Amino acid sequence: MKKTLTRTTEDLALYLQKLADDKVETSISWRCLNCGETHSCNLLEKVRSVKNEYLVGENKPDLSLFDLNGDLFAAIHFLKRKSIDTTMQEAYRGKCMYIQIKLETGDDFNSLSQKLQKPDFVAICVNPKCETCSHPMQKVILWIVDGCCWKCEGDMKVAAVEAGMSRGGSYVGPERFTLNEIEIARNKGVVIATHYSNTQRRSYLANSCPHCNAFVGDYYLFTEYISTTGYGDVDFEKIEAGYYCEPCTEPRFL
Ligand SMILES: [Zn+2]
Ligand SMILES: [Zn+2]
Ligand SMILES: [Zn+2]
């Protein structure tokens with residue numbers, strides 16, 4: 001197996017070198033363990049040379065990708081294990097992009113060149129980092145759901161923000177929107193108006209019906225609008241609206 005893998009990584013190195021020489025866009029995408037999102041990049045954009053089993057410090061990645069200055073840009077490991085090993089990234093932290101691909105019996109040049117496009121683990125998060133705690137931030141997703149008014153059954157667009165516990169819940173209504181999010185939602189045709197709650201004895205912003213002025217409280221926002229998008233018969237849109245930091249309690253935006 002060892003010998004075969006060496007031969008295969010030799011072939012892969014030659015293959016990647018040719019793609020780099022020809023400046024072929026070679027995009028890879030991966031599910032990020034830091035933020036849970038899927039990131040992608042052009043792996044070979046800055047790469048000028050590719051070597052297999054090249055000694056990098058005390059480590060010998062299966063493939064090493066070097067940039068124009070001869071600096072290590074990415075290290076790729078093929079792993080003969082069932083699960084990924086995130087501790088191996090430590091040796092490369094701050095030095096280069098670290099990529100891990102799980103090997104399965106029968107893997108050959110074709111299957112590995114396919115797997116390269118969707119690595120099992122990439123130790124990099126492309127999202128901006130929080131200025132307070134330096135944790136990679138997550139995208140704020142603004143949902144616009146083409147729903148109906150619960151009262152008059154007329155067309156009613158409803159907006160919600162998905163920003164985790166940093167906003168006190170998975171999905172929140174306009175009351176906890178930023179000014180920017182309110183503006184985006186209004187531009188998409190959502191009516192956001194101030195309502196007075198007798199039970200809570202206070203005024204707050206809520207998604208409102210353009211026909212009868214009924215409004216949607218936070219509880220019904222999820223059960224009556226967001227969750228219905230899962231059935232496929234409701235049109236909805238998801239808009240990226242900045243970033244937030246989950247570990248920090250206060251929302252932060254760029
Ligand atoms: Zn990420
Ligand atoms: Zn933070
Ligand atoms: Zn209505």
Side-chain angles (χ1 to χ4, degrees), residues 27-43 74 84 86 89-90 92-94 96-101 117-141 144-170 172-174 176 178 185-186 188-197 204-221 223-225 228 234-235 238 240-254:
S27 59
I28 62 166
S29 67
W30 66 97
R31 193 169 178 279
C32 176
L33 292 187
N34 277 317
C35 71
E37 289 163 22
T38 299
H39 298 313
S40 58
C41 75
N42 181 2
L43 178 66
I84 55 166
T86 56
Q89 67 179 301
E90 297 307 328
Y92 302 92
R93 191 182 288 277
C96 71
M97 187 177 190
Y98 176 67
I99 300 171
Q100 220 168 63
I101 293 163
Q117 294 167 22
K118 287 196 186 301
D120 295 296
F121 174 63
V122 178
I124 201 169
C125 180
V126 300
N127 282 0
K129 293 193 172 57
C130 171
E131 284 181 11
T132 306
C133 71
S134 74
H135 192 272
M137 295 193 289
Q138 285 170 270
K139 280 192 183 117
V140 172
I141 307 291
I144 310 277
V145 181
D146 278 333
C148 297
C149 170
W150 56 271
K151 201 170 185 183
C152 76
E153 296 186 345
D155 292 344
M156 176 180 178
K157 283 180 187 272
V158 166
V161 155
E162 182 186 343
M165 291 314 291
S166 64
R167 287 252 203 140
S170 322
V172 294
R176 295 199 204 108
T178 61
R186 281 185 170 150
K188 288 285 175 183
V190 180
V191 178
I192 294 175
T194 308
H195 295 270
Y196 182 77
S197 162
Y204 60 96
L205 287 173
N207 289 292
S208 309
C209 173
H211 314 289
C212 74
N213 202 35
F215 66 98
V216 181
D218 269 12
Y219 177 72
Y220 294 102
L221 196 59
T223 58
E224 299 300 317
Y225 295 93
T228 61
V234 179
D235 282 339
K238 288 160 79 172
E240 293 176 6
Y243 294 91
Y244 72 98
C245 177
E246 188 69 54
C248 289
T249 48
E250 292 296 311
R252 278 163 215 289
F253 305 96
L254 291 185

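Keep in mind that this is a model prediction, so the values were computed, not measured. Whatever order the structure lists them in is the order used to number ligands and atoms, beginning at 1.
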Engineer: Has the side chain of Y225 got a donor or acceptor atom that lies under 3.5 Å from a matching backbone atom of D146?
Structural biologist: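 Checked: no pair found.
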Engineer: Where the side chain of S208 meets the backbone of A206, is there a donor-acceptor pair that is under 3.5 Å apart?
Structural biologist: yes
Engineer: If you count the non-hydrogen atoms of other residues, nucleotides and ligands that lie under 6.0 Å from CZ in R31, is the total more than 12?
Structural biologist: no
Engineer: Hey, does the side chain of E37 reach the backbone of K139 with a donor-acceptor pair shorter than 3.5 angstrom?
Structural biologist: yes
Engineer: Do the rings of W30 and H39 sit parallel, tilted or perpendicular, given the 30° and 60° boundaries?
Structural biologist: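 W30 vs H39 ring planes: perpendicular.
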Engineer: Please give me the protein atoms (N, O or S only) lying under 2.8 Å from the Zn ion (ligand 3), ordered by chain and number.
Structural biologist: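 N, O, S partners closer than 2.8 Å: C149 SG, C152 SG, C209 SG, C212 SG.
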Engineer: Please say whether more than 12 non-hydrogen atoms of neighbouring residues, nucleotides or ligands are located less than 6.0 Å from OH in Y204.
Structural biologist: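 Result for OH/Y204: enclosed.
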Engineer: With a cut-off of 6.0 Å (strictly less than), are more than 12 heavy atoms of other residues, nucleotides or ligands near CG of N42?
Structural biologist: yes
Engineer: When you measure from the Zn ion (ligand 2) to the N, O or S atoms of C245, does any of those distances fall below 2.8 Å?
Structural biologist: yes
Engineer: I need the minimum non-hydrogen distance between V216 and L221, along with the two atoms involved.
Structural biologist: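 Looks like CG1-N, 3.7 Å.
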Engineer: Please determine whether the number of non-hydrogen atoms from other residues, nucleotides or ligands lying under 6.0 Å from atom CD of E90 exceeds 12.
Structural biologist: yes
Engineer: Listing by chain and number, what protein N/O/S atoms are under 2.8 Å from the Zn ion (ligand 1)?
Structural biologist: C32 SG, C35 SG, H39 NE2, C125 SG
Engineer: If you take all heavy atoms of S29 and P119, which pair is closest and at what distance?
Structural biologist: O-CD, 3.4 Å
